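Throughout, a chain's letter reflects where its sequence line sits, starting with A, and its residues are numbered from 1. No experiment lies behind these values; they were computed from the predicted model shown.
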Amino acid sequence: MARYNAKESEKRWQDVWSSRGTFVASNTSDKPKAYVLEMFPYPSGRIHMGHVRNYTMGDVLARFRRAQGFNVLHPMGWDAFGLPAENAARDSGVNPREWTYANIAAMRRELQMMGLAIDWSREFATCDPEYYSQQQKLFVEFFKAGLVYRAEADVNWDPIDQTVLANEQVIDGKGWRSGAPVERKKLSQWFFKITEFSDDLLSALDQLDRWPEKVRTMQKNWIGRSEGLRFAFDLSNGEKLDVFTTRPDTLFGASFVAISPDHPLASALAKSDLKVAAFIEECHRTGTSEAAIETAEKLGYDTGITATHPFDPSWKLPVMIANFVLMGYGTGAIFGCPAHDQRDLDFANKYKLPVLPVVIPEGEDPKTFHVGKAAYVGPGKLANSRFLDGLDVDAAKNAAITRIENDGRGTRTVNYRLRDWLVSRQRPWGCPIPMIRCAKCGYVPAKESDLPVKLPDDLKFESAGNPLVSHPTWKHVDCPQCGGKAERETDTCDTFVDSSWYFARFTDPKSEKPVNAKAAAYWLPVDQYIGGIEHAILHLLYARFFTRGLHKLGYTNVDEPFTGLFTQGMVCHETYKGHNGEWLTPDEVEKRDGQAYLKGTNVKVTVGSSEKMSKSKKNVIAPESIIDVYGADTIRWFMLSDTPPERDIEWTDEGASGCWRFVQRIWRLIDESGELSAPGTKPGNVEGASLELRRATHKAIAAVTNDLENLRFNRAVAQIYTLAGAITDGVDPAAKREALEALTILCGPMMPHLAESCWECLGHKTLLVDAPWPKADPALTRSDSVTIGVQVNGKLRGSLEIARGSDNKSVETAALTLDGVVRALEGKAPKRVIVVPERIVNIVA
RNA sequence: GCGGGCGUGGUGGAACUGGUAGACGCGCCAGACUCAAAAUCUGGUUCCGCAAGGAGUGUCGGUUCGAUUCCGACCGCCCGCACCA
């Protein structure tokens, strides 16, 4: 008997799979297809436990589908553009390209050590010119299709990363990477017209029934659809002012009109009026963080301009500049109805504006109904509203809109919160935007024959700003249209563009076209996508947009990239602090007698809460260190055990050694299995312990299959433990073989190397990865008899072993004679006996 | 504030459409093997109680023959969004 040598075995099987091309996917097959994808990593240089968890889950599914007879696509690539490479270049003088490819090589090696069933022949990095040149083609095609435009806009500027950011990349007013408060700047930038699909991106969410509800809700809120009315006020200065409202029913309760401090009208007034300029300045100082908004006072400035009420030419409303009106939503201007909107009410109370209720809740008298500090936003009947009087809210909305439309003042509108996606980045390590600016022709796309617009190799990072701008030759080109002197766009694409279509490229990564429509038609959509919840909006929304763009251009026939989405939890670990409050790494700490000490000393260490593994808290465990000691199967098993995959998992040494012990236990079970039948023999009719084992085997097959189908890895693991525990000596050799083979196959997706070794040990000449998934025999997954509980008044008083299909009367009779039942009844006659067949008996006394 | 989720032993967590709460793992305890240790194996492990029995899934209430599961209120924790007109 020999211990299982994970190191040797894992290397050996990885070599076998690789040399046979086991996981190379074919684009033509009679089998049903399964596209399993995990979010591809940024090549930081080392894999972390989060990657291990993510890729293990995807791998289990890919291997499971393969065994089930699917043609599986399970590729891997690298999200390889981005700032860390530039930072490395600036700090250590390395070339960002070389730095990135060295990291990729290191991480590829680590991923391969995990034994992932990946088709490495399809691997690419987004910084490969072969990839980004295709992206440039797409950019030009999107441009020609009207999905890309350049516009001047108020944009978010990250002062640390020295670039603009998309709205989605600003979290609590701060840059998503740098954490620096973003500044507003007016700049001319490139946009993707994601709003072209606002309505579709929203309504299609309902069909994504294999997405987490949470992600769908977040996207719904981000897109933010609201129905209402857009109309124009006539202003006393002769201009018109557009406003958007969802409450046109409350127009007769209006007491002011307010515009955003960033509204063009406010800017225009500021030019000639210092007080307006000072007020706008003051609004900008308040900040946009959530805390600032929470406590911010409503600020207003009366412009002296008045607006004419749309239903009454003699009614004039003051036009105010108000800090709570956002330029980024609707038209940046509103009418204020204090009685029925809390913000308007707070504002009106501060500036002594009238508060006139026009929606009266049921049971209240319009003459006496009063709105104090809380605006009334509920249902009711209209009052004080002339032609709307007596209508309920919805009818009044319609009536008001109809009147406005008939007067030609406005239209019924659906307004979205979603803005177009700003994709220009003032960074050099990204996909160059393939546009050329000519003084005569304006912006002209680079010719397809001139693609790729390659990045120069000699980028200099010493000085601030974008090195593509300061590069001596790179940007100087001739205009593709007139041939005159022109300049390249020096901005690059947001790296989220790179990840918005990579899944489509995987279907044929060598294609001359961005996407091979035939390959995409075969493989897309991705059947199961797995990754972190942090991409709930950003990446997943952009990918949904891009897929619609690809559809529009004829590259695919689907709109949704991912039919199944799973968001896995994070990997956590205890934190440790020394006596000076400094963070300590797990290797600096040892535990004795339930107490933590600084390793090799008696200095006590404070054990803190379990947190997401991070460099800053030093609670990181390097996956490779675990693979070195225990092997890949152990770390994979750990990631799948105990904790449901969507929740955060805590890494513990005890858990890891427990997994390792189980690896050894399985190996011993097989290696020391004693007498077995020859491979391929089926068990005959057996009984007693052998039959029990067969039942346990088939129950496990059924349960594990169902659990893997539903990504309930932790339950599948528990089922496998149960089966392992049920395997005993002294049974029929064929029944035992059946159990051991099932155990091996069921372990296969999760611990593929161990399973392959076991399969070999069981005498098979073929590979386990080529073995089909077993089918549970329904006759064996149910026992002939069941043990049911017997309750008296809902309290358990005994149990009864009955044959399946026993009639209720005999079950009742048997139940009434149980000792515990007789005692509990104390001689009283039962009032009622409820028998739920094969489940429970409850006696009501 | 709005939206979503969660609360079960020492611990991670099981429990199908309401039907014997605590599967399985970790930890712990005891025993076997061993000169000893490691490894392994066997048994035990919700709490109170010697036992019979009692209590028990955040709290309080409801529906039900029966509630971790359904309903209401409350408490606590987590996540997302946030002056969205």
(message) What does the B/S/- profile of nucleotides 47-56 of chain B look like, 5' to 3', with a 4.0 Å heavy-atom cutoff to protein?
(response) -----SSSS-
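- The P atoms of rU17(B) and rG1(B) are separated by 34 Å, rounded to the nearest whole Å.
- The aromatic rings of Tyr351(A) and Phe347(A) sit tilted relative to each other, their planes meeting at an angle between 30° and 60°.
- No side-chain donor from either of Glu282(A) and Tyr301(A) sits under 3.5 Å from a side-chain acceptor of the other.
- Going from the P atom of rG9(B) to that of rU46(B) covers 13 Å, rounded to whole Å.
- A side chain to side chain contact (heavy atoms under 4.5 Å, CB included) with Leu317(A) is found for one member of Phe256(A), Phe335(A), Phe233(A) and no other, namely Phe233(A).
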(message) Protein within reach of the bases, or only the backbone? For nucleotides 58-64 of chain B, mark each nucleotide 5' to 3' as B, S or -, using heavy atoms under 4.0 Å.
(response) -------
When you compare the protein's N or O atoms with those of nucleotides 8-12 of chain B, which come within less than 3.5 Å of each other, and at what distance?
unit_1, atom_1, unit_2, atom_2, d
rG12(B), O2', Thr643(A), OG1, 2.7
rG12(B), N2, Asp642(A), OD1, 2.8

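- Rounded to whole Å, atom P of rC24(B) lies 17 Å from atom CE of Met750(A).
- In this entry the distance linking NZ of Lys373(A) with P of rG1(B) reads 17 Å, nearest Å.
- Separating the C1' atom of rA23(B) from that of rC79(B) is a span of 29 Å, rounded to the nearest Å.
- A 3.5 Å limit on both hydrogen-bonding distances identifies rC48(B) as the Watson-Crick or G-U partner of rG53(B).
- Heavy atoms of Val243(A) sit nowhere under 4.0 angstrom from any nucleic acid atom.
- Here the OG1-CZ distance, from Thr413(A) to Arg230(A), works out to 6.5 Å after rounding to the nearest 0.5 Å.
- Rounded to whole Å, the separation between the C1' atoms of rA39(B) and rA32(B) comes to 14 Å.
- For the P atoms, the distance from rG58(B) to rG13(B) is 14 Å, rounded to whole Å.
- Regarding contacts with the backbone of rG25(B), every side-chain N or O of Tyr721(A) stays at 4.0 angstrom or more from both OP1 and OP2.
- Taking atom NZ of residue Lys831(A) and atom P of nucleotide rG66(B), one finds them 12 Å apart after rounding to whole Å.
- A salt bridge between Asp206(A) and Lys220(A) is present, with a side-chain N of the basic residue lying under 4.0 Å from a carboxylate O of the acidic one.
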Identify each atom pair where a protein N or O and an N or O of nucleotides 76-81 of chain B are less than 3.5 Å apart, giving names and distance.
unit_1, atom_1, unit_2, atom_2, d
rC79(B), O2', Lys214(A), NZ, 2.8

(request) Might you work through the side chain to side chain donor-acceptor pair (under 3.5 Å) test for Asn706(A) and Asn710(A), ending with a clear yes or no? (result) CA-CA 6 Å; Asn706(A) 185 40; Asn710(A) 295 294; 3.2 Å; yes
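- Rounded to an integer number of Å, the gap from Met327(A) CE to rC83(B) P is 16 Å.
- Remark: P of rG1(B) and CG of Asp341(A) are 17 Å apart, rounded to the nearest angstrom.
- A pairwise comparison of heavy atoms in Asn714(A) and Pro645(A) identifies OD1-CD, 3.9 Å as the closest pair.
- For Asn808(A) and rC65(B), the CG to P distance is 18 Å, given to the nearest whole Å.
- The nearest whole Å value for the distance from the CG atom in Asn706(A) to the P atom in rC16(B) is 12 Å.
- Under a 4.0 Å N-O distance rule, the pair Lys591(A)/Glu654(A) does not qualify as a salt bridge.
- The CG atom of Asn793(A) sits 8 Å away from the P atom of rG66(B) (whole-angstrom rounding).
- Classified by its glycosidic torsion, rG80(B) falls in the anti category, the angle being over 90° from 0.
- Here Phe638(A) and Tyr630(A) keep their ring centres 6.0 angstrom or further from each other.
- Separating the P atom of rU20(B) from that of rU57(B) is a span of 16 Å, rounded to the nearest Å.
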Between protein and nucleic acid, restricted to nucleotides 27-29 of chain B and to nitrogen or oxygen atoms under 3.5 Å apart, what atom pairs and distances do you find?
unit_1, atom_1, unit_2, atom_2, d
rG27(B), OP2, Arg661(A), NH2, 3.3

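- Among the heavy atoms of the strands, none lies under 4.0 Å from Asn415(A).
- Both Gln664(A) and Cys659(A) lie near RNA chain B, and the one whose nearest nucleotide falls closer to the 5' end is Cys659(A).
- Taking atom P on both nucleotides, rC60(B) is separated from rA55(B) by 14 Å, rounded to a whole Å.
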Which protein N or O atoms sit under 3.5 Å from an N or O of nucleotides 18-22 of chain B?
unit_1, atom_1, unit_2, atom_2, d
rU20(B), O4, Thr787(A), O, 2.5

